2 protein chains.
Amino acid sequence: MEYSEAKERYIEAWGSLGSSWGVNRTMAQIHALLMIATEPLSTEEIMEDLKISRGNANMNIRALLDWGLAKKVLKPGERKEYFATDKDPMVLATQVAKERKKRELDPIIRLLEEVSAVQGEGKEVKEFKKVTADLKGFAKQADSVINTFIQSNSNWFFKILGKITR
Amino acid sequence: MEYSEAKERYIEAWGSLGSSWGVNRTMAQIHALLMIATEPLSTEEIMEDLKISRGNANMNIRALLDWGLAKKVLKPGERKEYFATDKDPMVLATQVAKERKKRELDPIIRLLEEVSAVQGEGKEVKEFKKVTADLKGFAKQADSVINTFIQSNSNWFFKILGKITR
DNA sequence: CATAACTTTCAAATATTATTGAAAATTAAA
DNA sequence: TTTAATTTTCAATAATATTTGAAAGTTATG
């Protein structure tokens, strides 16, 4: 396969994968581009490569910075901003886990805390309490696992992989 | 909190959570409803409770069946179809993991297999090969973990939780 | 300060995705 | 077979999300 074709397919796939991971298509594509870049890229270069507008590029670069998935790189003597990403997949996974936990798991646990304390004695209410309490318990276990994952170094994953498959 | 308020908030939250987990809002809301139902529900009951059209209800019930997140229940002597879901959060998690693996992880691994075999010797090509190979390796490890998770019984989660937090 | 380089904003335009509802299809019972 | 209950389909519509691009904002430099 030609490099240009491979690159195109990889960026497109990463983009659609991104959508199902809570980051929008363009954001994921910019990330994909930074992953394979041999040096930091400027907004202009990103615009050109992905054929997107300045506004779009700017917005999504900000979002990547916000998610901790890209960082600003300043070249000495240059005014323009360049961007780069950490290329270790584990760092990526950790960062995504951290952000999604904050944006999704934490709020749902808080909500389940609230609604599982509902008043009443009827059959429906009892079932509701049981189900939401079970979900809350599960969500908290998931939270523990994710916290452990986030806090530990990049060998963690492979260490437990060893343990559980032994 | 009143039951009606708690129920509303829970269904709304589950719906928006769903979006970020690859299932659409209505699909997640129907699932939420089935989770707290004390008996199987008909399409009519779902339409009424969530105030959605027949077409919408039907489509999303099919999608839930397709994801393995709901099952048909036939009441003897009745023609109408009823639907129910497994209420164990672990069963839910397993099912979602299984489907998302099939829909997302498996395809991306296949793509990475292909594109990491790109031809060429330049700096860009070398970097591309390295990055995509790393991603592929990571994706395969993730695949192992998920497979173990899917195959094992519901105690698995707590067992490894014990191991890794020890 | 004035200018130019660069970044950010945001209202309007587009594109994408979800929803409706009525008609068509299916199926069970009469 | 006919009828009626039920489910499915799908084109039209509505809702949501993304993208554009030009104007406004910012900041370094002469």
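Nothing here was measured: the structure is a model prediction, and the numbers come from that model. Atom set for the values below is all heavy atoms of this structure, side chains included, hydrogens, waters and symmetry mates excluded.
The same ILVMFWY cluster, assembled from side-chain heavy atoms under 4.5 Å apart, contains both Met1(A) and Val131(B). Trp14(B) and Val91(B) sit in two unconnected hydrophobic clusters of ILVMFWY residues. Membership requires side-chain heavy atoms under 4.5 Å apart, directly or through other members.
Remark: P of dA18(C) and CD1 of Ile30(B) are 13 Å apart, rounded to the nearest angstrom. Atom-to-atom, CD of Glu48(B) to P of dT20(C) comes out at 15 Å; the value is rounded to the nearest Å. Between Glu45(A) atom CD and dT7(C) atom P there is a gap of 11 Å when expressed in whole angstrom units. At whole-Å resolution of the value, CD in Glu78(B) and P in dT27(C) are 19 Å apart. In this structure, Met47(B) places its CE atom 14 Å from P of dT19(C), rounding to the nearest Å.
Although no hydrogens or angles enter the test, the distance criterion places no donor-acceptor pair under 3.5 Å between the side chain of Tyr82(A) and the main chain of Lys75(A).
Other residues, nucleotides and ligands contribute at most 12 non-hydrogen atoms within 6.0 Å of the CD atom of Glu48(B). Annotation for Glu12(A): atom CD does not count as buried by contact number, only 12 or fewer foreign heavy atoms lying within 6.0 Å.
Side chains of Met35(B) and Leu135(A) form a contact here, defined as non-hydrogen atoms less than 4.5 Å apart.
Between Thr26(A) and Arg79(A), the residue anchored nearer the 5' end of DNA chain D, judged by the nucleotide with its closest heavy atom, is Thr26(A).
Looking at residues 52-66 of chain B, you'll see Arg54(B), Gly55(B), Asn58(B), Arg62(B) sit with a heavy atom under 4.0 Å from some atom of DNA chain D.
Side-chain atoms of Gln29(A) and Thr26(A) include no donor-acceptor pair closer than 3.5 Å.
Once you apply a 4.0 Å limit to the heavy atoms of chain B, the touched nucleotides of DNA chain D run 5' to 3' over dA5(D) to dT9(D).
Partner of Ile11(A) under the side-chain contact (heavy atoms from CB on, under 4.5 Å) criterion, out of Glu8(A), Lys7(A), Arg9(A): Lys7(A) alone.
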